[in-house]
Structure formats: structure tokens, C-alpha cells
Participant: 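Input: one structure, supplied below.
Sequential numbering from 1 along the given sequence is applied to the chain's residues.
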Amino acid sequence: QAQVVESGGGLVQPGGSLRLSCAASGSIGHIYSMGWFRQTPGKQRELVARVSAMGSIDYPDSVKGRFTISTDNAKNTWSLQMNNLEPEDTAVYYCYGLIRDRSLQTSDYWGQGTQVTVSS
């Protein structure tokens, strides 16, 4: 099996910055896509950033210009740099990977979730 572990959440003030990191390990054959999602209680999980299998990068309007995803395919890691954070960014953030394992099965993998709280 493959597994995905994330880190970097915490409490920051509005206007501050935070960087989340994600690492995949285990039975990894290939990672087709890497990304980040977030979820607030009572709301649907939403895309924050994603690098597709074709190399395109997706951001919702709510974070464009403030969040940046970076990937290192050779190391099976990716990160999310978050700048100019707003209270509305408060959520549990999950890293995501579309991974083909060494048994040739392709599945969605999720990190355990990390809390990001933006508050003064």
C-alpha cells in the first residue's frame, strides 16, 4: 500500500503565511496528480490546488494569487504555500494524490488532514 502524510498546519494571523507539506511513501509506482483540498464543518470539501496528470494547475478563484502548489515528483512530495491568509481560509486541509501502486492499482490517496486556523 501507499500512504500520504501531511504536516504544517497551525494558527496564524490574518495576512500571515503558512506552508503545508505532503509526502507519499510505500508501494508507489507513479503519482499522476498531486493536490490539496480543504473542508469546513457543514461545507463540502473543495479544491484548493492541483497539478493534473497533464501538468496543468488548478486554483479556485478564492485562492488565486495567494496560494501556490509545488511538486517534486522525484521525491514524491508536494507542498502548498499560503500567503495573505484570511479568516475564510480556516479549514482542515488535506493533501491528495492520484497514485498507481506497485500492484498496478490506481486510487485516490488522502493525507490525514491538518487544521489551519486564521484568526487575530
Participant: Rounded to the nearest 0.5 Å, what's the gap from CD1 on Ile57 to CE on Met34? Could you check?
Facilitator: 12.0 Å

Participant: Please state whether the rings of Tyr94 and Trp110 are parallel, tilted or perpendicular, taking 30° and 60° as the class boundaries.
Facilitator: perpendicular

Participant: For the CD atom on Glu46, are there more than 12 heavy atoms of other groups (residues, nucleotides or ligands in this structure) within a distance under 6.0 Å?
Facilitator: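 Counting other residues, nucleotides and ligands, CD of Glu46 exceeds 12 neighbours.
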
Participant: In Å and rounded to the nearest 0.5 Å, what is the CH2 to CG distance from Trp36 to Leu20?
Facilitator: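 Spacing of CH2 (Trp36) from CG (Leu20) equals 4.5 Å.
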
Participant: Hey, is CZ on Arg45 packed in by over 12 heavy atoms from elsewhere, all under 6.0 Å?
Facilitator: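 Counting other residues, nucleotides and ligands, CZ of Arg45 exceeds 12 neighbours.
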
Participant: Does any part of the side chain of Arg50, heavy atoms only, come nearer than 4.5 Å to the side chain of Ser33, both counted from C-beta?
Facilitator: yes

Participant: Let me confirm one number: the OG-CG distance from Ser17 to Asn84, rounded to the nearest 0.5 Å.
Facilitator: 6.5 Å

Participant: Should Phe37 and Trp78 be regarded as members of a common hydrophobic cluster, given that ILVMFWY residues are connected when their side-chain heavy atoms come within less than 4.5 Å of each other, either directly or indirectly?
Facilitator: no

Participant: Shortest non-hydrogen contact from Val92 to Gly113?
Facilitator: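 Heavy atoms of Val92 and Gly113 come nearest at CG1-CA, 3.9 Å.
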
Participant: Minimum heavy-atom separation for Ala24 and Ile99, please, with both atom names.
Facilitator: CB-CD1, 4.1 Å

Participant: With a 4.5 Å cut-off on side-chain heavy atoms, are Leu98 and Asp108 touching?
Facilitator: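 Side-chain contact under 4.5 Å: yes.
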
Participant: Side-chain contact, heavy-atom cut-off 4.5 Å: Asp89 with Arg66?
Facilitator: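 Yes; the side chains approach each other to less than 4.5 Å.
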
Participant: Any chance you could measure Thr117, atom OG1, to Leu11, atom CG, to the nearest 0.5 Å?
Facilitator: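 Answer for the OG1-CG pair, Thr117 versus Leu11, is 6.0 Å.
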
Participant: Would you say Arg38 and Val63 make side-chain contact, with heavy atoms under 4.5 Å?
Facilitator: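 Sidechains of Val63 and Arg38: in contact.
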
Participant: Please confirm whether the backbone N or O of Val118 pairs with a side-chain atom of Thr90, one donor and one acceptor, at under 3.5 Å?
Facilitator: yes

Participant: How long is the gap from OG1 on Thr68 to CE on Met82, to the nearest 0.5 Å?
Facilitator: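 It is 11.0 Å, given to the nearest 0.5 Å.
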
Participant: Out of curiosity, Thr114 OG1 to Leu80 CG, how far, rounded to the nearest 0.5 Å?
Facilitator: 11.5 Å

Participant: Counting distance only, does the side-chain N/O of Ser27 pair as donor-acceptor with the main-chain N or O of Arg102 below 3.5 Å?
Facilitator: yes

Participant: Is there side-chain contact between Val48 and Tyr96, with heavy atoms separated by less than 4.5 Å?
Facilitator: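 No, too far: nothing below the 4.5 Å cut-off.
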
Participant: What is the ring orientation for Tyr93 with Phe67, classed by angle as parallel under 30°, tilted 30 to 60°, or perpendicular over 60°?
Facilitator: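 Tyr93 and Phe67: tilted rings.
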
Participant: Does Asn73 offer a backbone N or O that forms a donor-acceptor pair with the side chain of Thr71 under 3.5 Å?
Facilitator: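 Here the side-chain-to-backbone pair does not exist.
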
Participant: State, without any angle test, whether Ser120 and Gln13 hold a side-chain donor-acceptor pair at a distance under 3.5 Å.
Facilitator: no

Participant: Would the distance check show the side chain of Gln112 and the main-chain N or O of Val5 forming a donor-acceptor pair, the cut-off being under 3.5 Å?
Facilitator: no

Participant: Looking only at atom types and distance, does a side-chain atom of Glu6 sit under 3.5 Å from a main-chain N or O of Cys22, one as donor and one as acceptor?
Facilitator: no

Participant: Indicate the atoms forming the closest heavy-atom contact of Val116 with Gly9, along with that distance.
Facilitator: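 Taking every non-hydrogen atom into account, CG2-CA, 4.2 Å.
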
